[in-house]
S.K.: 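Got a structure for you, questions after.
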Amino acid sequence: MTDQRIHNFNAGPAALPLTVLEEIQSSFLNFAQSGMSITEISHRSSYFDNVINGAVARAKRLLKLDERFHVLFLQGGASLQFAMIPMNFLSEDDTADYVNTGTWSTKAIKEAQILKKNHRVVASSEDKDFSYIPTNISFSKDAKYVHLTSNNTIKGTQYNKFPDTNGVPIVCDMSSDIFSRPLDMEKFGMIYAGAQKNLGPSGTCMVILRQDMLDTANENLPSMLKYSTFASKNSMYNTPPCFGIYTIDLVLKWIEEEMGGLEKMEEYNIQKADLLYDFIDSGSFYRTTAEKFSRSLMNVTFRLPSEELEKQFVAEATKKGFGGLKGHRSVGGCRASIYNAATMESIHALIQFMESFEKENK
Ligand SMILES: *Cc1c(COP(=O)(O)O)cnc(C)c1O
C-alpha cells in the first residue's frame with residue numbers, strides 16, 4: 001500500500017506523517033480497547049477526555065506555554081477567526097493594527113471592515129504583489145492587538161522574525177506554519193491555525209489564547225462566537241471535531257517523540273527548504289517569486305520560463321507521482337508545499353524530477 005503513496009506537495013489539506021496515518025488505521029476499529037472507533041465514541045467519555053487533554057498538554061509542552069494560555073479547538077476554519085477576533089476583542093473605542101501580506105490577511109481585514117470595527121492597515125506588501133514581508137513598521141501604541149499572517153501560503157513568504165509591536169499583543173494566523181518552529185510566546189496574545197496544513201484534517205481550528213485577552217473580551221455575543229464559551233468548557237460546550245482533535249494529538253506526539261521537538265522540527269524544515277531553494281537558485285530555468293529575505297520554509301512558490309511549460313511540468317509531475325505542484329488558482333505558477341510532514345526523501349525526488357524536466361525542455 002505505502003509504495004502507492006505519492007510525493008504529496010499539496011497546500012492543504014496536505015500530507016500527514018505516515019506513522020500517524022498508520023496508527024489511525026491500526027487503531028480505527030477498536031480505539032484504546034473501547035470496542036469502538038474514535039468516530040463512534042462519546043465526547044463526554046473518559047476515552048475522549050484523554051484524547052483532548054493529551055492534545056492540549058502536548059501543545060503546551062511543545063510551545064512551552066505557561067498557565068496563562070488556553071489551547072482551544074473550534075470549528076469554522078481559520079476563516080471564522082477572521083471575524084471572531086474583531087468581534088471578541090474590539091469594543092467601540094478600541095482599534096487594531098493589521099499588516100497585509102496577502103490573500104489571507106486581506107480576508108482578515110475584510111471581516112473587521114464588515115463588522116465596522118476600528119482598524120488600521122499599518123503596512124502592506126501589495127505594492128510588489130505581496131512578494132515580501134514589510135519591515136520597519138510603525139505600529140499604533142494604543143492598539144488592542146496587531147494582526148499578522150505568519151506564513152503566506154499562496155505567495156510563499158514568511159516572517160523569519162516577528163516585529164516589535166511596543167508590547168501590543170500579536171494575534172497571528174499561523175495556519176500554514178504552526179508547530180514548524182519554536183516561538184517566543186511573550187509576543188502573542190493569540191495564535192490560530194486551520195488544522196489542514198500542518199496539524200491534521202480540515203474541520204478543526206486550533207486557537208491558543210492568553211487569559212488577559214479573554215479578560216477584556218466582549219461577552220455580549222452568541223455563545224458559539226465567544227472564546228469564553230470554549231475556554232470555560234475545555235472546547236466541549238457542544239460536540240467538538242473529535243476525529244480532528246484525535247489526529248492533531250497524534251501529529252503533536254510525532255513532533256515530540258519522533259522529530260524531537262520544535263527546535264529539531266525547525267532544523268529539519270530549514271534543511272528541506274534550503275535544499276530546494278539552493279537547487280532553484282543554482283540555475284535560471286526555475287525562479288522563485290518571493291524576495292529572498294522573505295521566502296517561506298513551508299511554501300516554495302516558483303515559475304518556469306512560460307505558462308505552457310508550467311502546465312507541462314505539473315502534468316508530467318503528476319504522472320510521475322508528485323502531487324499538488326500547481327500554484328494557487330489566484331496566482332498561477334508552481335508551488336511545492338513542504339510542511340512538517342514532507343520528507344527529505346520527497347524533496348530529493350522532486351529535485352531529481354526538476355533537473356530532468358529542465359534538461360528535456362531547456
Ligand atoms: C488555508 C489558510 C486559511 C484558511 O483556512 P480555512 O481553515 O480554510 O478557513 C487562512 N489563513 C492561512 C494562512 C491559510 O493558509
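Both ligands and their constituent atoms are indexed starting at 1 by order of listing. Only a predicted model underlies this, so the values are computations on that prediction, with no experimental measurement involved.
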S.K.: Where the closest heavy atom to atom 2 (C) of ligand 1 is concerned, which of Q81, K197, M298 has it?
M.R.: K197

S.K.: Side chains of T229 and S223: any donor to acceptor distance under 3.5 Å?
M.R.: no

S.K.: Quick one: nearest non-hydrogen protein atom to atom 5 (O) of ligand 1, plus distance?
M.R.: A78 CB, 3.6 Å

S.K.: Distance to 0.1 Å, residue and atom name: give those for the protein heavy atom nearest to atom 4 (C) of ligand 1.
M.R.: W104 CZ3, 3.4 Å

S.K.: Are R295 and Y277 in a cation-pi setup, meaning NZ or CZ lies under 6.0 angstrom from the ring centre and within 45 degrees of the ring axis?
M.R.: yes

S.K.: Tell me if the CZ atom of R44 is crowded by more than 12 foreign heavy atoms within 6.0 Å.
M.R.: yes

S.K.: Is NZ or CZ of K197 both nearer than 6.0 Å to the six-membered ring centre of W104 and within 45° of the ring axis?
M.R.: yes

S.K.: With heavy atoms of G77 as the reference, note each atom of ligand 1 found under 4.0 Å away.
M.R.: 7 (O), 9 (O)

S.K.: Provide, to 0.1 Å, the distance between atom 15 (O) of ligand 1 and the closest protein heavy atom, together with that atom's residue and name.
M.R.: T153 OG1, 2.5 Å

S.K.: Is ligand 1 under 4.0 Å from a heavy atom in the side chain of N151, in the backbone, in both, or in neither?
M.R.: backbone

S.K.: Applying a 4.0 Å heavy-atom criterion (strictly less than), which segment of K107 is in contact with ligand 1: side chain, backbone, both, or neither?
M.R.: neither

S.K.: At what distance is the nearest protein heavy atom to atom 8 (O) of ligand 1, and which residue and atom is it?
M.R.: Q196 NE2, 3.3 Å

S.K.: At a 4.0 Å threshold, what atoms of ligand 1 neighbour a non-hydrogen atom of S79?
M.R.: 4 (C), 6 (P), 9 (O)

S.K.: Side chain, backbone, both or neither: which part of F82 has a heavy atom under 4.0 Å from ligand 1?
M.R.: side chain

S.K.: Compute both the distance and the angle, then confirm whether K128 meets the cation-pi test with Y132: under 6.0 Å from the six-membered ring centre, within 45 degrees of the axis.
M.R.: yes

S.K.: Where's the contact between M174 and ligand 1, heavy-atom distance under 4.0 Å: side chain, backbone, both or neither?
M.R.: neither

S.K.: Answer yes if the side chains of S27 and Y246 hold a donor-acceptor pair under 3.5 Å, and no otherwise.
M.R.: yes

S.K.: Among D97, V99, T101, whose side chain to side chain contact (heavy atoms under 4.5 Å, CB included) with L148 holds?
M.R.: V99

S.K.: With a 4.5 Å limit on heavy-atom distance, are the side chains of I133 and Q158 in contact?
M.R.: no

S.K.: To check your reading of the model: name the closest protein heavy atom to atom 11 (N) of ligand 1, its residue, and the distance in Å.
M.R.: D173 OD2, 2.6 Å

